[in-house]
Amino acid sequence: MQTKNSDPFAFGVLVLDPRGEVTCATGFARDEAVRQRVLERYHHEDRRRGMLAIDGDPKLIASFRSSEDATLFFIQDATSKSTLFDFVTNVDFAHLVFDYFLNNPYESVVVVDDQARVRYIPPVHERFFGIEHGEAVGKKVTDVIENTNLHEVVRTGKAEIGKLQEMGGVTRVVARIPLTDNGKTVGALGRVMFKGPETVLELSKEVVKLRSEVEFYRSELTGLKRRTFGLDKMVGNSDAIRQLKADISKVAPLSVPVLIIGESGTGKELAAHAIHSLSRRSENPMVFVNAAALPASLVESELFGYEAGAFTGAEKKGRKGKFELADQSSLFFDEVGDMPAEVQVKLLRVLQDGIFERVGGDRPRHSDFRLISATNRNFQEMIANAEFRLDLYYRISGVTIRMPSLRERPEDIPELVQSFLVAFAERHRTSVKGVDARVYAYLKELPWPGNVRQLLHEVEKAAIFCDGPEITLDNFRLMSHEVPERPAAPPAEFAPKAPAPASGRIQDAIEEMEKTMIREAMVRHKGNKKKVAEELGISRAYLYKKLSGEEPEPA
Ligand SMILES: Nc1ncnc2c1ncn2[C@@H]1O[C@H](COP(=O)(O)OP(=O)(O)OP(=O)(O)O)[C@@H](O)[C@H]1O
C-alpha cells in the first residue's frame, strides 16, 4: 500500500449506497483488500455509528455512520497509533468517549495546527464566542479566541498549565498542550481545566490545609523523637537517676510550675529540657531567662517586652518579652534564687495569672507559659533571711524536683565517662579512647563538688592529654592537681570579698589564680559566659558574681 507509514495523516473515505455498492472510494479505501477487511468487520455491526478497530497489516481504525441512503466510512492507518487502536478495540462505545471530550464544555478541546490555525472548535465554544458552526475552522486562533496563547505554544512547543484566561468577561483556568509527532510540533490543543479561579482557590485552600496537617504531624513526630531524646540525654542508671527520670515523666505532661533544685553541675538545665520535651508544649521552643544575669533596669523590657517608641533606642515595632515569647511553651528561669528583690516583686502578677503589660503599653496581655525554674541556692535559708519572697516561692514551686549530686550516685560515673568520651570522639572526629579500669575506682572516690559538669571537664582534659588509646590514672591525676577543687555550695560563700593583696595566705592565692583563669577564659571564649563557666567547671551564677566584683563600672 502506497500510503502506509509514509504519511501520518493518510486516510481513506468509503461510501456505500443502500444496497451496499461502493459509490465512492478515496485514499486507503481504493485498495480492494482494505475495503474487504473493513466491510467484513462492519457486517457484524448493528449500530448506526461507531468505530471499528481492524487488526492485520496495516492495523486500521474506521469510524462509520449510516443513514437511509448511504453509509460513510472514514478509514485511518493505525499502525503508529497503537494506543488509539487499543482504545477503540477495547471500548466499543469509543465514539461516545470522543463525543464527550469534544462536546462537554469543560472537557472539550480546541485544536490548532502548526500554523496556529483552528482545526477544531467544539460547538459549545462556537456558541460561547457567538460564531457560526464551522466558521472558525482555518482561521488564525488569535482571531477567534480572546486572549489565547495557543499560537505561542505552537511556536515554543512548551505546555502552559493552569493559566488564567479572560474570555467573554469570565475567567477560566486553561491548559495549552503542544502536540508533537516525530519530535516536531504539529499543532496544539487548548482546554478549560476549571470553570474559574475560585475552584483553584478552593483547591489551594485544601492544599494549605493539608500542608498544615502534614506540618502538625511532622512536628508531632519530631516531638516524639525529642521526647525520648530528652530523657536519654540524662546518663545514669543509679536508683537516684531512675527515680529522677520517673518523676520527670510524671510531672512533665502537667502544666504545673516546676522548681528544680540541686548543686551546680548536677544537670538542672538538662532536666528542664527533658520536662519541656515531654510536655505538650514541646512543639514550641523553650524560652530561657537567666535570672542572675538580669539587670534590674532591663527586667521589665526583657521580660514583658515593650511597645513601639516606648523609649529611646527601642526597636521601631516594639518587642516581645520573654513571657510573651513563651506563650504555649515553657519558660526556663535559670538561677532563680539569684534574682534581686526588686525583680522578684515584679513577677508576682504574671506568675499568678499570666497577665502582664508591655513597657509603654496600656493594655494587659496574657501568656500561657509553663514555668520551669532552677536554682542551686537553699530556699529555706533564703526565705528565713528574707532574701526570697515566700509568695513568689509558692508560685514557682508547684512541684519541686531535686537533682542528686554526683557523690550520691558514684555508680553512674563509668557510664558518664563513657558517654563523654564518645561525644568527645564524635566532636573531634577521633576514635573513642578506652579507660584503664583503675580510673573508675579512683574517680568514684573523689568528692566532685562541681558534679557532672566537673566530671565532664576532667574527662575531656584527660582525653586531650592522653596520647595512647587508653586513658590512665596519670592523665587524671595530672589534671586534678592542676585544677583547684571548688566547692559547689551557694556561690555567695565564694564571692570575692575585696581585691586581696599578695598577703601570702592560701585563700588569697587561690582567688588570684581564679581571677586569672576567668580572665583568660573570657578572652579565649570572647566573653561567652556560658562557655567560660563550662570550661572552668563553675556555675554561671558564680561566674557572674566573680565578674561583677572584677569588672569596672561602665563609663
Ligand atoms: N545525667 C547527666 N548525663 C549527661 N550529662 C549530664 C548529666 N547531668 C549533667 N550533665 C552535663 O553536665 C553539664 C552541666 O549540666 P547543667 O548545665 O544541666 O547543670 P546545672 O545543674 O544546670 O548547672 P548550674 O547550676 O551550674 O547552671 C552539662 O554539660 C550537662 O550536659
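Read the numbers this way: they start at 1 and go in the same order the structure lists the ligands and their atoms. Quick note: numbers below take in every heavy atom, side chains included, and nothing from hydrogens, waters or symmetry partners. For reference, positions follow the sequence shown, starting with 1. Just so you know, these numbers come straight off a predicted model, no measurement behind them.
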| What is the closest protein heavy atom to atom 22 (O) of ligand 1, and at what distance does it sit? | Glu269 N, 3.1 Å
| message | Tell me whether Arg407 is salt-bridged to Glu263, with the criterion being a basic N under 4.0 Å from an acidic carboxylate O. | response | yes
| Gln328-Arg370 side chain donor-acceptor pair, cut-off 3.5 Å | no
| atom 7 (C) of ligand 1: which protein heavy atom is closest, and how many Å away? | Leu270 CD2, 3.4 Å
| message | Quick check: Ile538 and ligand 1, any N/O pair under 3.5 Å apart? | response | no
| task | Decide whether an N or O pair under 3.5 Å exists between Val452 and ligand 1. | result | no
| Atom pair NZ (Lys346) and CG (Leu351), whose distance is rounded to the nearest 0.5 Å | 14.0 Å
| Quick one: does ligand 1 sit under 4.0 Å from the side chain of Lys233, the backbone, both or neither, non-hydrogen atoms only? | backbone
| said: Tell me whether Arg377 reaches ligand 1 (any heavy atom closer than 4.0 angstrom to a ligand atom). | reply: no
| message | Need the ligand 1 atom indices (1-based, order shown) with element for anything under 4.0 Å from a heavy-atom of Val235. | response | 1 (N), 2 (C), 3 (N), 4 (C)
Side chains of residues 419-432: which donor-acceptor partners sit under 3.5 Å, not counting sequence neighbours?
unit_1, atom_1, unit_2, atom_2, d
Ser419, OG, Leu416, O, 2.9
Arg427, NH2, Glu460, OE1, 3.4
Arg427, NH2, Glu460, OE2, 2.6

| request: Show which atoms of ligand 1 fall inside a sub-4.0 Å distance from at least one heavy-atom site of Ser264. | output: 24 (P), 25 (O), 26 (O)
| Taking only residues two or more places apart in sequence, or in another chain, which ones meet Tyr440 in a side-chain hydrogen bond (donor to acceptor under 3.5 Å, both in side chains)? | Gln418
| query | Stepwise, does the salt bridge (Lys or Arg N to Asp or Glu O under 4.0 Å) test hold for Arg358 with Glu324? | reply | CA-CA 9 Å; Arg358 281 185 179 185; Glu324 214 171 331; 3.0 Å; yes
| message | Check for me whether Gly265 has a heavy atom closer than 4.0 Å to any atom of ligand 1. | response | yes
| message | Among Met403, Glu415, Lys268, Glu335, which one puts a heavy atom closest to atom 25 (O) of ligand 1? | response | Lys268
| task | Could you grab the distance from atom OG1 of Thr375 to atom NZ of Lys268, nearest 0.5 Å is fine? | result | 7.5 Å
| field | Protein heavy-atom partner closest to atom 15 (O) of ligand 1 - residue, atom, separation in Å | value | Gly267 CA, 3.7 Å
| remark: for atom 24 (P) of ligand 1, nearest protein heavy atom and its distance come out as Arg453 NH2, 3.5 Å
| said: So Val258 and Leu371, do their side chains get closer than 4.5 Å, heavy atoms only? | reply: no
| task | Check Arg409 against ligand 1 and report side chain, backbone, both or neither, counting heavy atoms closer than 4.0 Å. | result | side chain
| request: Below 4.0 angstrom from a heavy atom of Met234, which ligand 1 atoms are there? Numbered from 1 as shown, please. | output: 1 (N), 3 (N)
| query | When you look at Glu152 and Arg155, which way does the salt bridge (Lys or Arg N to Asp or Glu O under 4.0 Å) test go after all the steps? | reply | CA-CA 5 Å; Glu152 275 303 301; Arg155 192 180 67 77; 2.8 Å; yes
| message | Checking contacts here: is it the side chain or the backbone of Leu456 that comes within 4.0 Å of ligand 1, counting heavy atoms only? Could be both or neither. | response | side chain
| In terms of side-chain geometry, is the basic nitrogen of Asp368 or Arg281 positioned less than 4.0 Å from the acidic oxygen of its partner? | yes
| query | Should the proximity of Leu416 to ligand 1, defined as any heavy atom under 4.0 Å, be assigned to the side chain, the backbone, both, or neither? | reply | side chain
